[in-house]
Amino acid sequence: MLQQTQVSAVQAAFQKWMQDFPTVQALASASEEEVLLHWQGLGYYSRARNIHKTAKQIVQNGGKFPQNRKELKALPGIGAYTAGAILSLAFHQNEAILDGNLVRIFSRLKEWDFLPTKDKAAKDAYWEEAYNWATAEDAFLTNEALMELGRTVCKKSNPLCESCPIQKICNAYKNNRAAEFPPKKQTQYVSWIGFALAICDGSGNFLLQSSPKSPFLKNQLTFPMFEYADAFKNIFPGIAEDVIPYENVKRFAFTGTVEHSITRYKIQCRVLCVEAKSRKGLIGSWIPKQELSQKIISSFAQKIIIFTHDF
DNA sequence: AAGTCGGGGGA
DNA sequence: TCCCCAGACTT
């Protein structure tokens, strides 16, 4: 859960997760739907599918976790950081970790104006530094301490250098340049204008699809969505006929606009509510309105529910 | 090596 | 509005 997600955002979901899946066996025997429901609103939903797969594999192999980096990294969703975290924090092995906190600390300590994602040499430099810090017998404590230092003192902005316990070995502090490190990522944001189709059958059920077409929320049960530059014209968009032919439309109405951002997409999504004359020929799952909030995982699609209207 | 994937909060 | 968070995986 903590991969690219702050502790505060995870806490509530983590409590419920551990309560309902107290063992790897409990997780392995849960349905994917139940697992995803526990991940509701956390984002990066492939993490949920991956940890579920990993739990099944571990149970398959007798319920024992691998105790080396190579076998851990072979499991779905476990990469360099998580493998190190399991070996170090759980099994107290002399192993390195490298997360965003440590990257920020090392960048400032060394005045490295590059990120480990730059190239192989950069990645190697950061991991070598991480291993230097993980040589002591109590490496798990050092690793925990570094992450905590990064979170509370060596912060992204307004770092508390004056109370930093390792200021003496920090080049950025010495040169008063902490604010210059690490370098920014600068992502290019893209605007996405379109609409979501909330099709009802006249009996309070809405059509959800697992649409692999949209650029986001792939393979998730959600409202059919289309990128459409003219979404703010109040006419029935022709492309909606990919899902429902116009001759099957009893009535329609634009009921609202949802704004949301998913990774680099800045989304403006109008909600187009449609009452179908017949369910015939419509592909997907018909879900009663009051069950939508439990069937839909993403926060974006949750916002759309507010504007659903069954005429 | 670059792109993709969520959502929320701090500044 | 921009940036980043206890990253991993695919292209």
Side-chain angles (χ1 to χ4, degrees), chain A residues 1-14 36 39-54 69 72-90 95-107 114-124 126-127 130 134 140 142-152 154-160 179 181-192 212 214-220 222 258-267 269 296-304:
Chain A
M1 282 183 185
L2 289 166
Q3 289 168 355
Q4 287 289 283
T5 308
Q6 293 175 345
V7 173
S8 58
V10 157
Q11 273 169 341
F14 177 73
L36 279 170
W39 216 270
Q40 202 170 43
L42 287 181
Y44 286 163
Y45 298 101
S46 60
R47 295 181 301 178
R49 293 182 238 275
N50 282 337
I51 195 174
H52 192 209
K53 283 185 208 161
T54 285
R69 192 173 273 275
L72 280 170
K73 280 190 68 175
L75 292 167
I78 297 182
Y81 162 76
T82 306
I86 292 170
L87 294 174
S88 161
L89 307 183
E95 268 291 341
I97 61 170
L98 183 66
D99 75 330
N101 289 305
L102 275 73
V103 167
R104 191 168 51 257
I105 292 172
F106 297 161
S107 168
F114 53 87
L115 295 171
T117 47
K118 186 187 171 210
D119 53 31
K120 189 177 183 307
K123 183 171 139 187
D124 290 346
Y126 274 94
W127 275 100
F140 73 101
T142 307
N143 287 338
E144 283 275 20
L146 284 170
M147 284 193 288
E148 200 63 9
L149 183 72
R151 192 174 70 81
T152 61
C154 196
K155 299 181 293 178
K156 165 184 65 157
S157 48
N158 305 323
L160 308 177
F181 300 95
K184 312 270 186 214
K185 266 177 199 164
Q186 58 194 18
T187 51
Q188 191 74 280
Y189 289 90
V190 178
S191 96
W192 187 97
S214 63
F216 33 75
L217 308 183
K218 290 189 189 110
N219 305 317
Q220 282 189 53
T222 185
V258 168
E259 296 191 6
H260 194 80
S261 57
I262 292 181
T263 59
R264 51 193 278 263
Y265 295 100
K266 198 166 124 44
I267 301 168
C269 183
I296 285 172
I297 300 302
S298 83
S299 296
F300 172 39
Q302 291 284 343
K303 293 181 186 172
I304 295 173

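Here the structure is a predicted model, which is why all the values come from computation and not from measurement.
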Rounded to whole Å, how long is the line connecting atom [atom1] of [X] with atom [atom2] of [N]?
{"X": "A:N219", "N": "B:dG6", "atom1": "CG", "atom2": "P", "result": "10 Å"}
{"X": "A:E148", "N": "C:dC5", "atom1": "CD", "atom2": "P", "result": "14 Å"}
{"X": "A:F300", "N": "B:dG7", "atom1": "CZ", "atom2": "P", "result": "9 Å"}
{"X": "A:Q11", "N": "C:dA6", "atom1": "CD", "atom2": "P", "result": "12 Å"}
{"X": "A:L42", "N": "C:dA6", "atom1": "CG", "atom2": "P", "result": "14 Å"}
{"X": "A:L146", "N": "C:dC5", "atom1": "CG", "atom2": "C1'", "result": "17 Å"}
{"X": "A:K156", "N": "B:dG8", "atom1": "NZ", "atom2": "P", "result": "17 Å"}
{"X": "A:Q188", "N": "C:dT1", "atom1": "CD", "atom2": "P", "result": "15 Å"}

Does the pair A:F300 and A:T222 meet the rule for a side chain to side chain contact (heavy atoms under 4.5 Å, CB included), with working shown?
CA-CA 10 Å; A:F300 172 39; A:T222 185; over 6 Å; no
Please determine whether the number of non-hydrogen atoms from other residues, nucleotides or ligands lying under 6.0 Å from atom NZ of A:K155 exceeds 12.
yes
Check every atom of [options] against the side chain of [X] and return the nucleotide holding the closest atom.
{"X": "A:Y45", "options": "B:dG7, C:dA6, B:dA1", "result": "B:dG7"}
{"X": "A:Q6", "options": "B:dA11, B:dG6, B:dG8", "result": "B:dG8"}
{"X": "A:L217", "options": "B:dG6, C:dC3, C:dT1", "result": "B:dG6"}
{"X": "A:L89", "options": "C:dA6, B:dG9, B:dA1", "result": "C:dA6"}

Given the [atom1] atoms of [N] and [M], what is the spacing between them in whole Å?
{"N": "B:dG3", "M": "C:dA6", "atom1": "C1'", "result": "23 Å"}
{"N": "C:dA8", "M": "B:dG9", "atom1": "P", "result": "24 Å"}
{"N": "C:dC9", "M": "B:dG8", "atom1": "C1'", "result": "23 Å"}

Holding to salt bridge (Lys or Arg N to Asp or Glu O under 4.0 Å), I want the full list of residues that pass it with A:K185, two or more places apart in sequence or in another chain.
none
DNA chain B: A:A121 or A:S298, which has the more 5' nearest nucleotide?
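Going by which nucleotide is closer to the 5' end, it is A:A121.
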With a 4.0 Å cut-off on heavy atoms, is [X] in touch with a base, just the backbone sugar-phosphate, or nothing at all?
{"X": "A:R104", "answer": "sugar-phosphate"}
{"X": "A:Y189", "answer": "base"}
{"X": "A:Q302", "answer": "nothing"}

Could you write out each protein N or O paired with an N or O of nucleotides 7-10 of chain C at a distance under 3.5 Å?
| from | atom 1 | to | atom 2 | distance (Å) |
| --- | --- | --- | --- | --- |
| C:dG7 | OP1 | A:G100 | N | 2.8 |
| C:dG7 | OP2 | A:Q4 | N | 3.1 |
| C:dG7 | OP2 | A:Q4 | NE2 | 3.4 |
| C:dG7 | O5' | A:Q4 | N | 3.3 |
| C:dA8 | OP1 | A:G79 | N | 2.9 |
| C:dA8 | OP1 | A:T82 | N | 3.0 |
| C:dA8 | OP1 | A:T82 | OG1 | 2.6 |
| C:dA8 | OP2 | A:A80 | N | 3.3 |
| C:dA8 | OP2 | A:Y81 | N | 3.1 |
| C:dC9 | OP1 | A:G77 | N | 2.3 |

Tell me, do A:I97 and A:Y81 make a side-chain contact under 4.5 Å, heavy atoms counted?
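A:I97 vs A:Y81: side chains touch.
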So which heavy atom on A:L42 is nearest to which on A:A9, and how close?
CD2-O, 3.5 Å
Shortest non-hydrogen separation from A:I296 to A:Q302 and the atoms involved
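That closest heavy-atom pairing would be O-NE2, 2.7 Å.
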Please identify each residue that fulfils side chain to side chain contact (heavy atoms under 4.5 Å, CB included) with A:A145, with sequence neighbours left out.
none
Evaluation steps, side chain to side chain contact (heavy atoms under 4.5 Å, CB included), between A:H260 and A:C269:
CA-CA 8 Å; A:H260 194 80; A:C269 183; over 6 Å; no
Looking only at side-chain N and O atoms, does A:H260 come under 4.0 Å of OP1 or OP2 in B:dG7?
yes
Run the ring-centre check on A:F114 versus A:Y126 and record whether the distance is less than 6.0 Å.
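Yes: the rings meet the under 6.0 Å criterion.
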Here DNA chain C, pairs taken as Watson-Crick or G-U under 3.5 Å and shown with ( ), [ ] when crossing and | when to another strand, reads |||||.|||||
Backbone N or O of A:P76 within a donor-acceptor pair of the A:T54 side chain at under 3.5 Å?
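Answer holds: yes.
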Please answer whether the main-chain N or O of A:G77 pairs with a side-chain N or O of A:Q3 as donor and acceptor at a distance below 3.5 Å.
yes
Could you write out each protein N or O paired with an N or O of nucleotides 2-4 of chain B at a distance under 3.5 Å?
| from | atom 1 | to | atom 2 | distance (Å) |
| --- | --- | --- | --- | --- |
| B:dT4 | OP2 | A:R264 | NH1 | 2.6 |

With A:N101, which residues qualify under side-chain hydrogen bond (donor to acceptor under 3.5 Å, both in side chains), at least two apart?
A:D99, A:R104
Steps toward side chain to side chain contact (heavy atoms under 4.5 Å, CB included) verdict (A:F140, A:L89):
CA-CA 5 Å; A:F140 73 101; A:L89 307 183; 4.3 Å; yes
